Each structure stands twice: as structure tokens, then as C-alpha cells.
Number of protein chains: 2
Amino acid sequence: MKAHRPTPTLHDVAKAAGVSTATVSRCLNFPDQVAVRTRERVMNTVRDMGYSPNFGARAMAARRTNTIGAIIPTMENAIFARGLQAFQEELRLHGFTMLVASTSYRPDIEAEQIRTLVARGADALLLIGHERDPEIYRFLEAQGVPWLVTWAFDLDAGCPSVGFDNRAAMYAMAQKVIALGHRRLALISAETAMNDRARARKIGILEAMDEAGIDRDELHVIETPYGIENGAAAFTDLMRQAPRPTAVFCGNDVLAVGALRQAQALHIAVPADLSIMGFDDIELARVAFPALTTVHVPHREMGRRAAQALVRMVQGGITEAPVELAATLVFRDTLAQAPA
Amino acid sequence: MKAHRPTPTLHDVAKAAGVSTATVSRCLNFPDQVAVRTRERVMNTVRDMGYSPNFGARAMAARRTNTIGAIIPTMENAIFARGLQAFQEELRLHGFTMLVASTSYRPDIEAEQIRTLVARGADALLLIGHERDPEIYRFLEAQGVPWLVTWAFDLDAGCPSVGFDNRAAMYAMAQKVIALGHRRLALISAETAMNDRARARKIGILEAMDEAGIDRDELHVIETPYGIENGAAAFTDLMRQAPRPTAVFCGNDVLAVGALRQAQALHIAVPADLSIMGFDDIELARVAFPALTTVHVPHREMGRRAAQALVRMVQGGITEAPVELAATLVFRDTLAQAPA
DNA sequence: CGACATAATGCAAGCCTTGACATTTAATTT
DNA sequence: AAATTAAATGTCAAGGCTTGCATTATGTCG
């Protein structure tokens with residue numbers, strides 16, 4: 001007899017329902033192992049007593065938490081937000097809950113967050129991109145925590161992933177741009193230091209230039225952090241040089257919208273005098289004026305399938321084969337023939 | 001001697017370092033209760049063995065998980081994404097991790113998710129808005145899980161909250177619009193059924209109309225789900241009636257941008273012929289053309305302070321007094337004098 | 001009706017850490 | 001040097017659930 005009606009335990013429920021704790025546990029976890037009559041009685045008791053299993057005890061006994069962690073650069077970027085939403089929705093369908101941590105694009109914070117989520121009992125981890133200290137992969141290995149890479153696809157990395165080929169997508173876009181007569185090119189890129197996606201996108205452009213016989217020096221690159229204002233500032237810098245580029249690639253749509261707005265402010269006609277291309281196809285791209293030509297990334301599908309793969313990895317203990325999704329070009333109103 | 005180098009336990013570390021488990025535990029949790037020499041030895045052992053505390057055992061013994069849950073309608077909406085980002089950043093500073101669940105604006109899913117996050121060991125919960133089945137509050141009470149409401153502020157609700165007064169903000173905006181001569185008003189609102197924020201915003205407009213002696217029937221209201229397309233469709237509906245409204249309030253910026261684009265498509269000059277007002281002040285509002293007049297919501301500060309308050313509630317066991325933040329009007333280019 | 005197969009349930013051993021309390025060691029004072 | 005106090009460390013029970021295995025109930029078939 002405790003003092004103030006403590007939260008009931010499995011034991012209490014079992015006693016009240018006149019069964020063993022094992023039976024109550026099974027009612028909750030494997031209902032069809034229990035006879036219907038018994039099950040109904042137990043479930044009613046559970047409801048009546050307002051029983052809710054103790055998380056710690058459960059995690060300890062079962063050695064899993066039904067929790068999957070996602071570690072992303074930031075939630076503010078619509079691209080991750082949408083993928084994450086789909087990821088969580090799919091996780092829910094399978095009875096898993098999502099832990100989220102963000103890194104602000106900083107490798108040190110990412111490493112810390114990975115350890116934190118593992119310590120918090122994440123059964124598996126969603127990571128963005130391949131590039132990180134090998135030590136981290138060793139850690140995950142040692143802890144036996146399955147993980148999966150998204151927002152990138154690189155068969156050579158030889159790890160489970162659900163993503164798309166950043167290089168190929170940007171390569172296709174650059175081909176198209178070059179075919180429209182553009183020769184003086186520029187790229188406003190996210191910082192490439194520890195960002196394999198940004199680097200792959202840049203490489204895609206360079207390879208298309210190689211192929212068209214354009215000197216790589218013709219690509220003027222500015223790296224800048226995420227943000228509309230940063231895109232605008234980078235664009236201003238770009239326009240200071242002579243001769244000006246006629247086509248400006250952007251590492252993502254947010255930078256592209258910044259560039260686009262700045263072009264308007266500088267009275268540069270888009271796409272008549274200058275073309276601007278984004279990457280990601282977030283809502284902003286459609287709403288921008290003129291509507292942005294960009295690369296469509298299947299965020300939602302990526303999130304959904306990543307969730308499915310991770311759930312399988314947790315439940316089956318097996319490793320999933322990499323899945324490549326298609327990123328497609330979306331031609332709107334910011335790309336045109338190079339000016340004469 | 002186990003077979004394949006199992007993950008070391010506290011016991012293993014203690015033995016290896018030649019101390020008791022309690023000392024190792026203290027090194028990890030309360031370092032300054034342990035002599036420096038001992039601590040260093042222990043911490044080295046921890047590092048060498050790659051020890052990481054077992055989450056379940058820890059949760060069980062400590063009766064807390066250092067995890068706080070956030071339950072929001074959707075991550076795709078930039079408004080929540082930004083607030084959530086700030087929330088998580090602040091949580092991290094205090095050593096807490098964030099669990100996220102989304103409800104798609106559905107009360108039944110919200111109830112389920114609240115139970116799920118509690119079952120997953122959330123030490124406290126962040127909720128959006130006040131309105132929900134009283135049963136849920138009883139459940140949280142019974143489970144002893146502290147919670148806090150954000151994105152709304154209502155002193156009468158008498159519960160811990162960090163938010164702003166939706167009604168007052170919209171009231172201020174409506175006053176301004178009416179002062180500019182607008183009399184035929186419209187509102188494209190999110191669905192108000194189980195959404196106290198949307199309802200409060202609508203009431204704010206109605207109260208301003210009362211005050212100005214405008215009949216409440218002069219406000220034509222359309223409710224629609226979230227989304228640019230929905231905003232556009234609602235706007236089209238609105239324009240079918242005669243006489244047309246001269247000012248269209250929107251429940252959020254996304255709907256407003258949809259309306260704005262549709263106005264352009266219908267060749268209705270904004271703001272010369274018609275004014276459009278949003279709510280939230282997300283990035284989209286600044287980038288839209290013309291830039292959107294809207295209500296600025298202090299997302300980041302709200303998220304940050306909500307995190308601080310919840311951490312205090314978890315650690316101190318005390319209830320926090322409600323905090324009201326200011327939502328301010330941002331006048332850009334979609335509001336002007338009513339046409340003659 | 002007895003033997004046997006199968007379904008349902010019970011038993012009890014972990015799982016690993018925390019924290020109250022006890023004990024030992026070190027430092028300080030008299 | 002003894003007495004006192006504070007700091008450091010140790011002991012050990014408790015915490016609630018899962019799950020392999022054992023046992024009992026139920027049903028079927030010859």
C-alpha cells in the first residue's frame with residue numbers, strides 16, 4: 001500500500017487481472033499469443049488502471065527502444081524539413097518514434113550528436129551525406145547501431161543509402177545550360193569543406209564543362225553559408241567582375257532566390273541577360289518571380305524509403321542495398337539562351 | 001568471458017579501473033564528487049573500453065531520460081520548423097534530446113502521439129495551442145509529465161505557456177486595415193474546428209470590425225487546409241462574389257502567398273486594387289512579390305524560451321508562469337489604402 | 001476414453017544503473 | 001598525537017519489463 005496512488009506497474013495489472021506478468025506483457029506486445037477472452041480481460045484492466053509501461057524497464061529488458069534518430073544539418077532548410085516529415089510519418093506507421101538532432105553543418109557537433117542519440121538509445125540512425133570521420137563509423141559499428149545515408153548516393157561508399165546522385169543531377173543541368181550557349185559560368189555554392197553533396201554538385205558542372213571543351217577556369221565559384229541574404233551578397237560579388245557570367249548555378253534554392261532578388265535589385269534581367277539555376281525544388285522555387293529553374297529532389301520519397309529501410313535493418317538485423325532515386329530537372333522561367 | 005567482445009558495462013569499467021560501480025557512475029554524472037586522480041583513471045578506462053552507458057538501465061534507475069518531446073502539426077510548415085530548430089538547439093545546451101512527432105492537424109493523431117511520446121520516456125512535452133480533449137490533460141497529470149503550450153497565449157487557460165496573443169495581433173492588423181478605408185473584408189483561414197490559434201485570429205478581425213461599426217457579415221470567411229494551392233483556390237472563390245472584398249486577410253503566410261499569386265494570375269493589382277495580409281512572417285513573405293505585409297511571430301525566441309521553461313520544469317519540478325511574447329506588424333508592399 | 005499435439009499461461013532469471021547509506025581515508029584542529 | 005570533520009569511495013537493494021523454458025489447459029483423433 002503506497003501513499004498517493006502510484007503509477008501502476010505490470011505487476012499490479014497482472015494481479016488485478018488475475019494473470020501473470022508475462023501474459024500482460026504478451027497482451028501488449030504479441031496480442032495473438034494470448035487467448036481472446038484473456039486478452040480482453042487484461043486489456044480492460046490495462047485501460048481501467050491507466051497503465052502505461054515503464055519506458056526504462058522496457059528498453060532495458062527488450063534491448064531496444066523503438067526509436068530512430070535523425071541527424072540533419074538544420075530543420076530550417078525546407079529540404080530537410082519535408083524529408084524529415086515524410087520520414088517521421090513512415091516511422092510512425094511502423095511503431096517507431098523519431099529523435100532529431102541538428103548539426104548546423106558542423107562536423108564536430110554532428111559527431112557529438114551521433115554519440116548523444118546512440119546514448120539516448122536510438123535503435124538506428126539516419127545520416128545526411130557520406131563524409132565524416134571514420135572514427136564515427138567505427139563507433140557505430142562497435143555499438144551495433146545500424147545507420148543509413150541519405151541526400152546522397154555513391155555506390156563506391158559501399159554503405160546503406162537512399163539518395164540521389166548529386167553530381168549527375170548537376171551535370172545534367174550544366175549540360176543543358178551549356179547547350180543554350182552559356183560559356184561564362186558561375187556557381188554560388190554551399191561550403192564544400194565537409195559537405196560531399198555540395199562538392200559533388202560542383203564537380204557535375206566541371207565535368208559538363210570538360211566535356212564541352214570549356215576551360216574549368218571559366219567557372220567562378222563563391223562559397224557561402226546557407227541563407228537568402230548570403231545568396232544575394234554572393235551574387236553582388238559575382239557581378240563585380242568583368243566580363244560577367246551569363247549563367248549562375250546555385251547550390252540550393254535558397255541561395256538561388258537570394259541571387260534572383262539581387263539581380264532584380266541590380267536591374268539585371270533574368271533570364272534575358274542572365275540565367276539562374278537552383279537545386280532542391282522547394283516551395284520557394286515555385287513562388288519566386290520569375291519561377292526558378294531547378295533540380296527536383298524527391299524529398300518525401302527519400303524520407304519514406306529511408307524510414308522503411310531503417311526499420312527493416314532494425315528488425316531484421318540485415319544491411320540494406322543502396323537505393324538510388326532520380327533527381328529531375330525542372331525548367332521554369334530563369335533559364336534561357338545565352339545573350340548574344 | 002563472453003564470446004564476441006560485448007559492449008562493456010559499468011561493472012566492467014569499474015573492475016578495469018579498480019573502483020566500484022558507484023564511483024564510475026559518479027565520474028560520469030557528478031565529476032566533481034570524485035578525486036581528480038581517480039576521475040582521470042576512470043575516464044581513461046571509459047574511453048579505452050569505448051564504454052557508453054546503457055540507456056534503458058540508466059532511464060530506469062534515474063527515472064528520467066533527458067528527453068523532451070515536441071508535438072507539432074507538421075514540420076513542413078516553416079513556422080514550426082524554425083521554432084523547432086531553436087527549441088532543439090536550446091535543449092542541446094542543457095543536455096536534453098528532442099523527440100518529434102507530427103499530427104497533420106488531426107486531434108486523434110495528436111492524442112496518440114502524446115501517449116506515444118510519454119511511452120517513449122519523454123520527460124516533458126511541448127504542445128501547440130491549448131485546445132484538446134481534457135482527457136489528455138488528465139493523462140499527462142496522472143503520468144506526472146510536465147508540458148507547455150506554445151504558439152498561443154491565453155492567460156485564462158491557466159497553464160504554462162510561452163506564446164503570443166493571436167487575437168490581439170490580428171486585431172491590431174485589422175485596425176490598421178480598417179483605418180486605411182477598407183470595409184469589405186475577407187479571411188482565408190486555416191480550419192478552425194480544433195485550432196484555437198486560427199479561431200483567435202478570426203476573432204481579432206471581428207472585434208476590430210465591431211469597434212469600427214462594421215457589420216460582422218462584411219467579413220467573408222473561407223476555411224481551407226494549409227498549402228499554396230489551397231490559398232490560390234480560396235482566393236479564386238472569393239473573387240467570384242460581388243462586390244469583391246478590398247482586403248483579404250490570410251491565416252498564415254503560405255495561404256497568403258497562394259492568394260497573392262492567384263491575384264496576379266487574375267490580373268488583380270496588389271495592393272492598388274486589393275490588399276493581402278499574411279501571418280507568421282516566414283521567409284516566403286519577404287521573397288514574395290510584392291513583399292507580403294504580415295504579422296511577425298518570434299519563432300526562434302519562442303522555441304528557445306519554451307525549451308528553457310521545460311528544462312526548468314523537469315529539473316525543478318515546478319510549474320512555470322505563462323510568458324507572453326510580442327507579435328508585431330510588418331508592413332511591406334501588399335497593403336494600401338482601399339481603392340476609391 | 002486415453003494418448004497426443006497444440007495452444008495458453010506461468011515462472012523466474014536477467015538486464016545495468018542509480019542513489020541512499022555506510023565505511024574508509026585524508027585533512028584539520030586542538 | 002588524538003579528536004573531529006569533511007571528502008572520497010564502497011555496498012547493495014531496487015527498479016519494471018521481457019523472454020526462454022517449463023507447465024498446464026484445451027482440443028483432436030484413433
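Because the structure is predicted, anything quoted here is derived from the model rather than measured. Just so you know, these numbers use all the heavy atoms, side chains as well, and skip hydrogens, waters and symmetry mates. Quick note on labels: first sequence line is chain A, next is B, and so on, each numbered from 1.
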Distance check: side-chain N/O of B:T23 vs OP1/OP2 of D:dG10, anything under 4.0 Å?
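Answer yes for this pair, as a side-chain N or O of B:T23 is under 4.0 Å from OP1 or OP2.
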
Residues that A:T45 engages under side chain to side chain contact (heavy atoms under 4.5 Å, CB included), provided they are two or more places apart:
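Residues passing side chain to side chain contact (heavy atoms under 4.5 Å, CB included) with A:T45: A:V13, A:A16, A:A17, A:M49.
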
Pairs flagged by side chain to side chain donor-acceptor pair (under 3.5 Å) wherever residues 313-322 of chain B is involved - sequence neighbours left out:
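Qualifying pairs, neighbours excluded: B:R312-B:E320.
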
Decide whether A:D12 and A:Y51 meet the rule of one side-chain donor and one side-chain acceptor closer than 3.5 Å.
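No.
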
Identify whether any heavy atom of A:A35 sits under 4.0 Å from a base atom; if not, whether one sits that close to sugar-phosphate; answer base, sugar-phosphate or nothing.
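The residue A:A35 makes sugar-phosphate contact but no base contact.
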
Between the base of C:dG10 and the side chain of A:R26, is there a donor and acceptor pair under 3.5 angstrom?
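Answer is yes: a donor-acceptor pair is held.
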
At how many degrees, to 10°, do the end axes of the helix from C:dC1-D:dG30 to C:dT30-D:dA1 meet when each uses five pairs?
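Comparing the first five pairs with the last five, the axes sit 30° apart.
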
Here's a test of your reading of the structure: between A:Q33 and B:R63, which maps to the more 5' nucleotide of DNA chain C?
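First, find each residue's nearest nucleotide; the 5'-ward one identifies A:Q33.
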
Can you identify which nucleotide, out of C:dG10, D:dG16, C:dT18, has its nearest atom closest to the A:A22 side chain?
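Nearest to the side-chain atoms of A:A22, counting from C-beta on, is C:dG10.
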
For A:F55, check ring pair (Phe, Tyr, Trp, His ring centres under 6.0 Å) against everything at least two apart and list the hits.
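Expected list: B:F55.
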
Of all residues at least two apart in sequence or in a different chain, which pass the ring pair (Phe, Tyr, Trp, His ring centres under 6.0 Å) check with A:F80?
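Only A:W151 meet the ring pair (Phe, Tyr, Trp, His ring centres under 6.0 Å) criterion with A:F80.
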
Among residues 51-62 of chain A, which ones have heavy-atom contacts with DNA chain D below 4.0 Å?
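Hits under 4.0 Å, by residue number: A:Y51, A:P53, A:N54, A:A57, A:R58, A:A61, A:A62.
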
